[in-house]
Every structure is written in structure tokens, then in C-alpha cells.
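Below is one structure; the comments refer to it alone.
Given the structure is predicted, the values throughout are model-derived calculations rather than measurements. Just so you know, these numbers use all the heavy atoms, side chains as well, and skip hydrogens, waters and symmetry mates.
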Amino acid sequence: MDTRRNQYLEAIGIDVWVRRRPDSGSSRSPAPAAQAVSEPVSGDIAARWEALRTEVLGCTKCSLHKTRTQGVVGVGPQRADWMVIGEAPGADEDRKGEPFVGRAGQLLDAMLRAIGLDRGANVYIANVLKSRPPNNRDPKPEEVAACLPYLMRQIALLQPRLMLAVGRIAAQNLLSTDMSLGRLRGKVHHFGELNTPLIVTYHPAYLLRTAADKRKAWEDLKFARSVFLQLTDRVGADGDLS
């Protein structure tokens with residue numbers, strides 16, 4: 001696990017420091033990975049997912065349907081412990097119909113793999129908006145209002161143990177706040193009726209422009225992993241996950 005993690009850290013531009021092997025007399029064991037799992041779903045749940053997908057693809061609730069190529073629902077298993085939420089599809093996502101598939105998506109995949117997550121196996125990825133805003137502008141309030149019910153249904157169907165909001169737009173809309181991303185990072189927020197823990201970090205597109213903050217994003221991911229492991233009773237309260 002350490003070798004694989006180090007490879008992904010190098011891929012996202014984080015310097016890797018190799019810890020010296022402990023003395024043979026040490027009883028300390030390595031920190032566990034974020035062993036997130038996906039679960040099989042019933043026929044009813046699968047049907048509700050398909051109904052949601054059909055609605056999103058045919059949605060005309062805001063003007064974005066006039067300029068998009070297609071609606072972008074999400075990607076991942078229909079039941080997963082982790083859910084990642086961004087702000088809106090970009091040009092690559094609009095063409096392919098899947099969130100985070102461009103350069104930012106490649107970076108996000110590397111970040112997630114560094115903590116044992118994979119979009120094809122144990123994490124679901126979606127956006128607040130399901131349609132691309134023209135020229136990738138920020139979403140308008142009426143667009144968020146039109147799309148948010150779809151996201152709420154996704155969360156209800158998925159039932160994640162932990163949510164990771166990537167970027168200011170996603171975080172502010174999910175938490176109904178205008179606080180800066182810097183003030184939202186490093187804390188456990190809670191979302192919805194189920195009080196689902198929510199962690200905030202940088203959007204990978206921002207990290208491509210501001211490589212100096214990749215280290216901070218890695219700290220956010222370690223924090224999210226420690227929260228998840230505490231939720232699943234796999235580490236103590238101190239969460240030693242360096």
C-alpha cells in the first residue's frame with residue numbers, strides 16, 4: 001500500500017519522504033488504508049437510479065439545457081461509503097457525459113487513489129450542477145436551485161458515510177454559506193437530515209493552476225481519511241495516518 005500511495009503522491013506533485021524502518025523491537029503497525037466499500041443494491045434502488053438518470057438527461061428546468069451537449073449524472077457504484085461532489089461539468093465532461101474526465105479529473109483520480117479510492121469501485125463522483133455552464137462560468141443561484149434536488153436524491157440513494165466537497169462553489173452550496181474555502185477546510189461539517197460528515201478541499205482544477213497548494217490538499221485528504229476510519233471504528237480518536 002505504501003509503495004502504491006507514494007507513486008500516486010509523486011503523480012500529483014507531492015514530495016515523498018520515506019520513513020526509516022523502525023527498530024526490530026518496535027511494536028508499531030502501519031496505519032490502515034481507507035478501506036471504503038461499495039454494496040450491492042436492490043432492484044428497487046437500481047430502478048430509482050435509472051429513473052433519476054433519465055430525468056437528468058431530459059431536464060429542461062433551467063436554461064442550461066439549451067447550451068449543453070448532455071446532462072452529466074455521476075459515476076461510481078450505486079452504494080458507496082464515499083461521495084465526492086464538485087461544482088459543474090466542464091467541456092470534457094459535457095462531451096463524455098461523466099464528471100471529472102479531463103486533466104482535473106486525472107488529478108482527482110490520483111488524489112483518491114492515494115487514499116485507496118477508485119471511481120470504478122468504492123467512491124461515487126457527482127456535481128452540484130448536472131449541465132455545463134457556458135464558458136465554465138460560476139453557476140447561477142437559479143441553476144443551483146433547479147439541480148440541487150437531483151443531488152439530494154443521489155445522496156439519499158447512495159447513503160455515503162462521508163462526503164468530500166471539492167472547490168469553493170460546491171462547498172458553499174452544500175453548506176449554504178458564503179465562507180471562504182480556507183475557513184471551511186480542516187473541519188468536519190455535516191450535511192442533510194442524516195447529518196453526513198462533510199470535508200472540504202480544493203478543486204483539482206485549482207490545484208493544476210496553483211501547484212503550491214497540493215500539499216494542503218493532501219493534508220485535507222489525510223484528514224478525511226482519518227474521519228472515515230474513526231467513523232468505521234478502525235482507528236482511535238487520534239487517527240495516526242501520516
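- Proximity of the aromatic rings of Phe228 and Trp82 is defined here by a centroid distance below 6.0 angstrom, and this criterion is met.
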Practice item. Please step through side-chain contact (heavy atoms from CB on, under 4.5 Å) for the pair Ile125 and Leu108, ending with a clear verdict. Key: CA-CA 10 Å; Ile125 303 173; Leu108 177 65; 4.2 Å; yes
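- Taken from CZ in Arg183 to CG in Asp178, the straight-line distance is 8.5 Å, to the nearest 0.5 Å.
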- When you look at Tyr124 and Gln154, which way does the side-chain hydrogen bond (donor to acceptor under 3.5 Å, both in side chains) test go after all the steps? CA-CA 10 Å; Tyr124 189 88; Gln154 288 178 298; 3.0 Å; yes
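- Transitive grouping of hydrophobic side chains (ILVMFWY, heavy atoms separated by less than 4.5 Å) brings Leu174 and Val200 into a common cluster.
- For Glu93 against Gly90, the heavy-atom pair with the smallest separation is OE1-N, 2.9 Å.
- Atoms CE and CG, from Met163 and Leu175 in turn, are 8.5 Å apart once rounded to the nearest 0.5 Å.
- Rounded to the nearest 0.5 Å, atoms CZ (Phe223) and CD1 (Ile115) are 12.5 Å apart.
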Residues Val227, Ile199; criterion side-chain contact (heavy atoms from CB on, under 4.5 Å); working and verdict: CA-CA 9 Å; Val227 171; Ile199 307 297; 4.2 Å; yes
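- Contact annotation: the side chain of Phe100 never approaches that of Val75 to less than 4.5 Å [non-hydrogen atoms, C-beta and beyond].
- Around the CZ atom of Arg68, the shell of radius 6.0 Å holds more than 12 heavy atoms that belong to other residues, nucleotides or ligands.
- No more than 12 heavy atoms of other residues, nucleotides or ligands lie within 6.0 Å of CE in Met152, so this atom counts as exposed by the packing criterion.
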Decide yes or no on side-chain contact (heavy atoms from CB on, under 4.5 Å) for Gln172 and Met179, but give the supporting numbers first. CA-CA 7 Å; Gln172 289 179 341; Met179 290 178 63; 5.9 Å; no
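- Heavy-atom minimum distance, Pro134 versus Thr67: CG-OG1, 3.9 Å.
- At a threshold of 4.5 Å between side-chain heavy atoms, the hydrophobic network of Ile, Leu, Val, Met, Phe, Trp and Tyr places Ile169 and Tyr206 in two separate groups.
- Interatomic distance, CG of Leu151 versus CG of Asn173, reported as 10.0 Å (0.5 Å rounding).
- Between Lys61 and Glu55 no salt bridge is recorded (no basic side-chain N to carboxylate O distance below 4.0 Å).
- Open room surrounds CG on Asn135; 12 or fewer heavy atoms of other groups in view lie less than 6.0 Å from it.
- Contact check for Leu162 versus Thr196: no side-chain heavy atoms found under the 4.5 Å cut-off.
- In the model, Asp220 has no side-chain atom that pairs as donor or acceptor with a side-chain atom of Tyr202 under 3.5 Å.
- The heavy-atom pair separating Ala126 from Lys130 by the smallest distance is CB-NZ, 4.0 Å.
- At a threshold of 4.0 Å, the pair Glu219-Lys216 does not count as salt-bridged, since none of the basic side-chain nitrogens sits closer than that to a carboxylate oxygen.
- Ion pairing between Asp138 and Arg168 holds under the 4.0 Å rule for side-chain N and carboxylate O.
- Between Leu107 and Lys214 the shortest heavy-atom distance is CD2-CE, 4.4 Å.
- Note that CD of Glu87 and NE2 of His203 are 5.0 Å apart. Values are rounded to the nearest 0.5 Å.
- Of the possible polar contacts, none joining the Thr210 side chain to the Asp213 backbone as a donor-acceptor pair under 3.5 Å is found.
- Cys62 contributes atom SG, which lies 8.0 Å from atom CD of Glu142 (distance to the nearest 0.5 angstrom).
- Contact annotation: the side chain of Val166 approaches that of Val84 to within less than 4.5 Å [non-hydrogen atoms, C-beta and beyond].
- Within the 4.5 Å cutoff, no side-chain heavy atoms of Ile85 are placed close to those of Leu164.
- With a 4.5 Å cut-off on side-chain heavy atoms, Leu64 and Leu129 count as touching.
- Annotation for Leu148: atom CG counts as buried by contact number, over 12 foreign heavy atoms lying within 6.0 Å.
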Worksheet item: Would Gln78 and Leu157 count as a side-chain contact (heavy atoms from CB on, under 4.5 Å) if you check the C-alpha gap in whole Å, the side-chain angles of each, and the deciding distance to 0.1 Å?
Response: CA-CA 7 Å; Gln78 295 180 343; Leu157 288 169; over 6 Å; no
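- Counting heavy atoms from C-beta on, the side chains of Cys59 and Tyr150 come closer than 4.5 Å.
- The salt bridge (charged side-chain N to carboxylate O under 4.0 Å, His left out) analysis of residues 96-108, with sequence neighbours excluded, yields the pairs Glu98-Arg119.
- Within the 3.5 Å criterion, the main-chain N or O of Val101 finds no donor-acceptor partner in the side chain of Asp92.
- Looking only at side-chain heavy atoms (C-beta outward), Val188 and Leu198 stay at 4.5 Å or farther from each other.
- Side-chain heavy atoms closer than 4.5 Å link hydrophobic residues (I, L, V, M, F, W, Y) into clusters, and following such links, even through other members, never connects Val72 to Met83.
- When all heavy atoms are compared, the tightest approach of Gly167 to Leu181 is C-CD1, 3.5 Å.
- A donor-acceptor contact shorter than 3.5 Å is absent between the side chain of Arg132 and the backbone of Arg95.
- Side chain of Thr232 to main chain of Leu229: a donor-acceptor pair is present (N/O by atom type, distance under 3.5 Å, no hydrogens or angles).
- Across every non-hydrogen atom of Ala121 and Pro77, the tightest pair is O-CG, 3.5 Å.
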